[in-house]
Amino acid sequence: MHHPIGEDEFERYWDKLEPDKILSSLDLHGVAKWIRSGKANNIVVMVGAGMSVSSGIPDFRSPGTGLYDNLQKYDLPYPEAIFDLNHFQTKPGAFNLLAKELYPGNFEATPAHYFVRLLHEKGLLLRCFTQNIDSLESQAGLSKDKIVAAHGNFDGAACIKCGAHADPESVRQTLELDGEPSCAKCGGLVKPNIVFFGEALPERFFTCAHNDMPKADLLVVLGTSLTVHPFAGLVGQVSNDTPRLLINREMVGQADPTFGPTFSGGFFNFGIGNTRDALFLGDCDDGVQQLVDLLDWGLEFDALLNKTSATL
Ligand code: OAD
């Protein structure tokens with residue numbers, strides 16, 4: 001292509017219009033280079049249901065395969081009712097059946113989970129914030145202090161009436177037998193500590209978000225539609241010059257253009273003026289494998305995948 005001002009001059013002119021890039025390229029290569037150069041020592045990882053799909057647990061919102069398209073057997077007025085406290089109070093059976101199916105122990109951690117553990121073994125992981133209730137991060141051997149279970153998990157259970165704690169193991173046994181866990185003190189319904197819509201997230205989510213996000217020197221977001229808040233808002237809580245990588249089957253977390261540029265701080269910017277948001281469109285396991293290869297971490301990664309998970 002010819003330009004009246006000459007090719008070199010045109011490129012120099014164009015470079016001036018484009019703000020300086022923080023990542024050398026806005027893809028896995030750029031992120032690998034950032035890590036290799038020693039600039040990423042406090043990596044924050046954000047995880048959603050897409051990361052567990054290859055273990056056999058469906059995500060929520062993928063059309064056709066997602067849980068919300070496959071809830072016929074639970075007889076719900078609308079899909080999200082499965083995580084609705086009012087609905088649970090009158091008809092606990094739907095959630096209890098789902099809980100029985102999803103209980104940890106029935107599924108294996110994925111390569112992407114082991115990648116997060118590898119980041120920790122390398123001393124690079126500040127925190128892993130997960131929306132998932134499957135505890136596969138722990139199963140991959142990540143220690144509890146590195147995990148923030150933003151939407152809870154099955155490690156605890158409590159009565160929804162009087163708040164008394166219940167033994168999670170006996171709750172599990174009751175659910176296994178298709179029973180209805182109830183409170184030994186008041187007879188109220190007992191549910192595992194999964195955060196339902198309208199319920200507060202654990203305090204740990206807010207303290208860790210407050211302390212960790214400003215310290216992050218790389219954000220890696222894996223397998224989430226970024227539609228549920230406050231979790232999705234974490235993307236905008238890292239500093240403005242912190243690189244962010246999205247590994248997902250579809251592009252998510254973009255500002256609605258009708259809101260205008262003032263909103264863009266809280267979202268990815270994969271368009272004009274992007275200096276730091278890298279995108280890998282595809283499966284989590286493929287994305288992390290490519291990143292591992294670019295980092296020359298293949299041997300350690302394979303060793304982790306092949307050995308049983310001892311908690312760090
Ligand atoms: P969603 O189901 O909303 O989004 C999953 C995302 O992962 C979608 O963008 C998929 O395209 C993508 N995806 C699916 N499989 C993938 C794969 N193998 N590799 C890469 N990407 C893949 O799940 P979440 O964002 O986690 O709340 O949903 C957030 C919350 O909504 C959940 O925590 C849950 C739900 O209501 C509670 O459980 C309380």
Side-chain angles (χ1 to χ4, degrees), residues 28 45-71 74 76 78-88 94-104 107-116 128-137 147-157 160 191-202 205 220-235 245-254 267-268 270 278-291:
L28 293 178
V45 177
M46 287 171 62
V47 173
M51 188 157 103
S52 296
V53 163
S54 67
S55 78
I57 305 172
D59 69 2
F60 294 92
R61 294 177 182 80
S62 282
T65 56
L67 190 71
Y68 289 156
D69 267 358
N70 291 286
L71 291 171
Y74 302 103
L76 296 158
Y78 57 96
E80 286 87 353
I82 195 121
F83 294 121
D84 183 292
L85 210 49
N86 290 329
H87 189 267
F88 180 75
F95 173 78
N96 283 343
L97 179 55
L98 179 73
K100 175 187 165 185
E101 289 168 357
L102 287 186
Y103 245 98
F107 301 92
E108 298 279 326
T110 71
H113 289 91
Y114 281 99
F115 172 72
V116 182
C128 174
F129 290 79
T130 181
Q131 297 167 96
N132 297 346
I133 56 178
D134 52 35
S135 294
L136 290 184
E137 299 84 6
I147 303 169
V148 175
H151 294 166
N153 56 34
F154 293 93
D155 289 355
I160 61 163
K191 88 169 172 55
N193 291 343
I194 309 296
V195 179
F196 277 26
F197 287 111
E199 282 191 305
L201 271 60
F205 170 81
V220 180
V221 182
L222 293 152
T224 170
S225 62
L226 289 177
T227 49
V228 174
H229 287 267
F231 189 91
L234 293 178
V235 171
L245 166 66
L246 171 68
I247 297 180
N248 209 52
R249 275 187 188 164
E250 55 177 345
M251 207 188 275
V252 296
Q254 299 250 70
F267 298 88
F268 288 114
F270 297 118
L279 177 64
F280 176 89
L281 278 184
D283 284 10
C284 292
D285 295 338
D286 295 338
V288 302
Q289 184 64 57
Q290 288 189 30
L291 191 52

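As the structure lists them, so they are numbered: ligands from 1, and atoms in each ligand from 1. This structure is a prediction, so every number in the text was calculated from the model and none was measured. Starting from 1, each residue takes its place in the sequence as its number.
Between the side chain of Asp283 and the backbone N or O of Arg249 there is no donor-acceptor pair closer than 3.5 Å.
Closest heavy-atom approach to atom 24 (P) of ligand 1 within the set Thr65, Thr224, Asp285: this belongs to Thr224. Checking Glu80, His151, Met51 against atom 33 (O) of ligand 1, the nearest heavy atom belongs to His151. Selection from Ser52, Ser225, Ala112 by nearest heavy atom to atom 1 (P) of ligand 1 gives Ser225. Atom 36 (O) of ligand 1 has its nearest heavy-atom neighbour, among Phe60, Phe231, Tyr68, in Tyr68.
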From CA spacing to verdict: side chain to side chain contact (heavy atoms under 4.5 Å, CB included), Leu291, Leu245: CA-CA 11 Å; Leu291 191 52; Leu245 166 66; 4.1 Å; yes
Criterion side chain to side chain contact (heavy atoms under 4.5 Å, CB included) on Asn96 and Phe88, from CA distance to verdict: CA-CA 9 Å; Asn96 283 343; Phe88 180 75; 3.8 Å; yes
Steps toward side chain to side chain contact (heavy atoms under 4.5 Å, CB included) verdict (His113, Cys284): CA-CA 9 Å; His113 289 91; Cys284 292; over 6 Å; no
Criterion side chain to side chain contact (heavy atoms under 4.5 Å, CB included) on Val221 and Asn248, from CA distance to verdict: CA-CA 8 Å; Val221 182; Asn248 209 52; over 6 Å; no
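Neither the backbone nor the side chain of Phe280 comes within contact range of ligand 1; no heavy atom lies under 4.0 Å. Of the heavy atoms in Val53, only side-chain atoms (C-beta onward) come closer than 4.0 Å to ligand 1. Only backbone heavy atoms of Val195 (N, CA, C or O) come within less than 4.0 Å of ligand 1; its side chain stays farther off. Of the heavy atoms in Arg61, both backbone and side-chain atoms come closer than 4.0 Å to ligand 1. Both the backbone and the side chain of Asp283 come within 4.0 Å of ligand 1, judged by heavy-atom distances. With a 4.0 Å heavy-atom cut-off, ligand 1 is reached by the side chain of Phe83 but not by its N, CA, C or O.
For the pair Glu250 and Arg61, the salt-bridge criterion is not met [side-chain N within less than 4.0 Å of a carboxylate O].
For the pair Gly223 and ligand 1, a heavy-atom separation below 4.0 Å is found. In this structure, Ser62 counts as a contact residue of ligand 1, since one of its heavy atoms falls inside 4.0 Å of the ligand.
Interface of Val228 with ligand 1, defined as ligand atoms under 4.0 Å from a residue heavy atom, comprises 29 (C), 30 (C), 31 (O). Counting the atoms of ligand 1 from 1 in the order shown, those under 4.0 Å from a heavy atom of Phe197 are 36 (O). Here is the list of ligand 1 atoms found below 4.0 Å of a heavy atom in Glu250: 8 (C), 9 (O), 10 (C), 11 (O). Ligand-side atoms of ligand 1 in range of Gly48: 26 (O), range being under 4.0 angstrom from any heavy atom. Those atoms of ligand 1 that come under 4.0 Å of a heavy atom in Gly282, given as number and element, are 19 (N), 20 (C).
When hydrogens are left out, the protein atom nearest atom 12 (C) of ligand 1 is Asn248 OD1, 3.4 Å; that is the closest non-hydrogen contact. Closest to atom 23 (O) of ligand 1 among all protein heavy atoms lies Ala49 CB, 3.6 Å. With respect to atom 5 (C) of ligand 1, the closest heavy atom belonging to the protein is Asp59 OD2, 3.5 Å. Ranking protein heavy atoms by distance to atom 19 (N) of ligand 1, first place goes to Cys284 N, 3.0 Å. At the shortest separation from atom 17 (C) of ligand 1 among protein heavy atoms lies Gly50 O, 3.3 Å. Looking from atom 21 (N) of ligand 1 to the surrounding protein, the closest heavy atom is Arg249 N, 3.2 Å. Gln131 OE1, 3.2 Å is the protein heavy atom nearest to atom 29 (C) of ligand 1.
Rounding to the nearest 0.5 Å places CG of Leu136 at 11.0 Å from CG of Asn153. Within the model, atoms NZ of Lys191 and CZ of Phe83 stand 10.0 Å from one another, a figure rounded to the nearest 0.5 Å. Once rounded to the nearest 0.5 Å, the distance linking CG of Asp285 with CD of Gln290 reads 11.5 Å. Summarising the geometry, atom CZ belonging to Phe231 is positioned 6.5 Å from atom OG1 belonging to Thr224; distances are rounded to the nearest 0.5 Å. The CG atom of Leu226 sits 9.0 Å away from the CZ atom of Phe267 when rounded to the nearest 0.5 Å. Between atom CG of residue Leu102 and atom CG of residue Leu67 there is a gap of 7.0 Å, rounded to the nearest 0.5 Å.
Counting heavy atoms from C-beta on, the side chains of Val288 and Leu222 come closer than 4.5 Å. Looking at Asn70 and Pro58, their side chains never come closer than 4.5 Å, going by heavy atoms from C-beta outward.
In terms of N/O distances under 3.5 Å, ligand 1 is not approached by Thr227. Taking any N or O of Asn132, backbone or side chain, none lies under 3.5 Å from an N or O belonging to ligand 1.
Ring orientation note: the planes of Phe95 and Phe196 are nearly perpendicular, at an angle over 60° on the 30°/60° scale.
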